[in-house]
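All values reported here derive from a predicted model rather than from experimental measurement. Indexing begins at 1, ligand by ligand and atom by atom, following the structure's order.
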Amino acid sequence: MNAAVELAASQFFESVNKWYASATVRNSQRILVPETAKGEFTYPKSRQLLSEHPKVQALGHDGVAYVLAQSAYQYMYEIGLLETRFVIDCSLNLINNVIAGASEEEKLDALTVVIDEGYHAHVALDYIIQMKAMTGIEPLEVPQSNGNLDAVRRAFEQLPPAMHNDFQLISVTLAEHTLTKDLISIGREKGASQAFTKVMTDHVSDEGRHASYFAKLMSAHWKRLPEETRLVIGRMLPAYLDDYLAGDADRSLDRRILLACGFDDNEAATILAQTQSEFAARLDGYIATTRANLVKLLQRTGVLDHPPTREAFVAYGIAL
Ligand SMILES: [Fe+2]
Ligand SMILES: [Fe+2]
């Protein structure tokens with residue numbers, strides 16, 4: 001073996017060994033929601049503005065716990081959707097050459113992502129089912145999509161079908177990067193239940209590995225894309241970032257939660273209006289920080305070395 005092949009082989013075995021040693025699916029115990037969950041605030045209050053509003057507080061401990069439980073369900077369902085409808089799909093596309101060009105070693109790593117993400121979706125649904133049983137609170141809805149999936153669907157509508165799979169790899173890479181940072185941040189919030197925090201911290205311990213895997217792959221894949229594909233995807237990327245980060249900007253779930261708490265349409269509208277400026281400020285802050293992180297990722301992976309893509313970002317008003 002020459003030195004380069006030997007180095008590649010040792011790096012490869014390092015990633016396999018790392019997965020065996022650290023993947024939560026191989027090393028973690030089932031996360032149990034304790035019986036005390038009934039009286040607990042599951043989700044961090046700092047992440048759900050409604051829980052701090054005087055009218056919601058006036059509902060008492062159980063009312064606040066109900067609002068936070070709905071937010072926790074929503075968060076867990078969104079994780080399941082992201083894993084099963086997006087990241088696993090992309091990884092299978094890499095394994096089966098629908099996204100062309102992955103090496104066998106990269107395919108083996110993609111299989112670990114499929115297994116990890118299947119497990120994360122399992123943990124999230126297991127948590128939801130246990131919580132329903134312990135608290136008796138039913139989720140208001142089982143979402144069939146989320147902001148990220150909706151934005152990808154809209155992007156696909158703009159793109160020629162032949163470019164969908166290449167775009168999928170880029171959008172999954174962005175999502176994995178964002179998710180890693182989001183999980184770190186929500187896992188640090190005070191006031192969430194112990195079980196909820198454990199789901200977050202376990203999950204993020206796998207996501208760092210995924211984020212670097214996809215970043216490396218996207219970097220290589222971008223370079224081998226036909227110039228026409230780079231031009232088309234590069235042009236739409238800046239607006240896509242904002243579209244996918246906007247999330248539930250119209251607060252439709254918040255409105256449904258308030259109605260389910262027993263508020264009428266007018267009261268719900270008032271509470272939403274009274275919390276709107278803080279909601280918008282937090283969302284804008286989140287979008288600005290996350291967008292800056294993603295632009296850094298696109299720089300680091302060489303996507304912005306492509307002059308027309310770089311120009312598209314500048315034209316969109318993003319300082320590079
Ligand atoms: Fe995951
Ligand atoms: Fe992941």
Side-chain angles (χ1 to χ4, degrees), residues 15-16 18-31 43 72-96 98-99 102 105-129 143 145-149 151-152 165 167-189 192 195-221 244-245 247 290 293-294 297-298 300-301:
S15 94
V16 176
K18 202 170 167 192
W19 183 72
Y20 273 88
S22 66
T24 55
V25 64
R26 300 191 47 84
N27 296 288
S28 281
Q29 295 294 312
R30 182 180 178 202
I31 296 172
Y43 191 75
Y73 286 140
Q74 189 70 13
Y75 201 85
M76 294 292 175
Y77 277 130
E78 292 219 1
I79 286 175
L81 278 169
L82 206 64
E83 308 294 33
T84 58
R85 297 192 56 182
F86 194 41
V87 188
I88 290 177
D89 190 52
C90 179
S91 306
L92 292 175
N93 284 340
L94 286 163
I95 293 158
N96 296 319
V98 178
I99 301 171
E105 286 79 5
E106 286 165 342
K107 288 178 182 179
L108 191 77
D109 281 340
L111 279 165
T112 65
V113 176
V114 171
I115 296 164
D116 290 341
E117 304 299 33
Y119 179 65
H120 298 158
H122 182 278
V123 170
L125 188 56
D126 187 21
Y127 184 91
I128 290 168
I129 293 169
S145 189
N146 66 16
N148 197 343
L149 293 173
V152 171
N165 293 310
F167 182 79
Q168 185 190 44
L169 177 58
I170 293 169
S171 56
V172 163
T173 304
L174 297 170
E176 288 285 87
H177 192 77
T178 306
L179 178 66
T180 304
K181 294 208 179 286
D182 287 353
L183 289 170
I184 291 174
S185 136
I186 198 166
R188 281 187 190 140
E189 293 281 7
F196 181 87
T197 301
K198 176 80 175 140
V199 174
M200 300 300 127
T201 50
D202 265 18
H203 192 166
V204 82
S205 73
D206 291 326
E207 290 304 331
R209 195 159 27 80
H210 296 180
S212 42
Y213 168 72
F214 279 108
K216 219 168 128 196
L217 206 61
M218 179 177 78
S219 178
H221 196 70
Y244 118 75
L245 292 174
T290 309
N293 285 332
L294 293 176
L297 173 71
L298 292 168
R300 209 166 54 236
T301 50

Metal check, the Fe ion (ligand 1) vs [X] N/O/S, cut-off below 2.8 Å:
X	value
Asp116	no
Asp206	no
His210	no
Glu117	yes

*asked:* For the metal site, I want the angle between atom ND1 of His120 and atom OE2 of Glu83 with the Fe ion (ligand 1) at the apex, to 10°.
replied: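 Value returned, to the nearest 10°, is 100°.
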_Residue Glu207 atom name (nearest to the Fe ion (ligand 1); N/O/S)_ =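 Result: OE2.
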_Using only atom types and a distance under 3.5 Å, with no angle test, would you say the side chain of Asn96 pairs donor to acceptor with the backbone of Val98?_
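Side chain of Asn96 to backbone of Val98, a donor-acceptor pair under 3.5 Å: no, none is there.
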*asked:* Treating Ser219 as the side-chain partner and Thr301 as the backbone partner, does any N or O pair qualify as donor plus acceptor under 3.5 Å?
replied: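 Looks like yes, one N/O pair under 3.5 Å.
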*Could you check Thr180, Thr24, Thr112 and say which one makes a side-chain hydrogen bond (donor to acceptor under 3.5 Å, both in side chains) with Asp206?*
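Among the candidates, only Thr24 passes.
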*Under 4.5 Å between any side-chain heavy atoms of Thr197 and Glu189, yes or no?*
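Counting from C-beta outward, Thr197 and Glu189 never come under 4.5 Å.
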*Please work out whether the ring planes of Tyr43 and Tyr75 are parallel, tilted or perpendicular, with thresholds of 30° and 60°.*
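Answer is tilted, since the angle falls between 30° and 60°.
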_I'd like to know whether Asn293 forms a side chain to side chain donor-acceptor pair (under 3.5 Å) with Thr178, so could you lay out the CA-CA distance, the side-chain angles of the two residues, the decisive distance to 0.1 Å, and finally the verdict._
CA-CA 8 Å; Asn293 285 332; Thr178 306; over 6 Å; no
*Measure from the Fe ion (ligand 2) to every N/O/S atom of Glu176 and report the name of the nearest one.*
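Of the nitrogen, oxygen and sulfur atoms in Glu176, the Fe ion (ligand 2) lies nearest to OE2.
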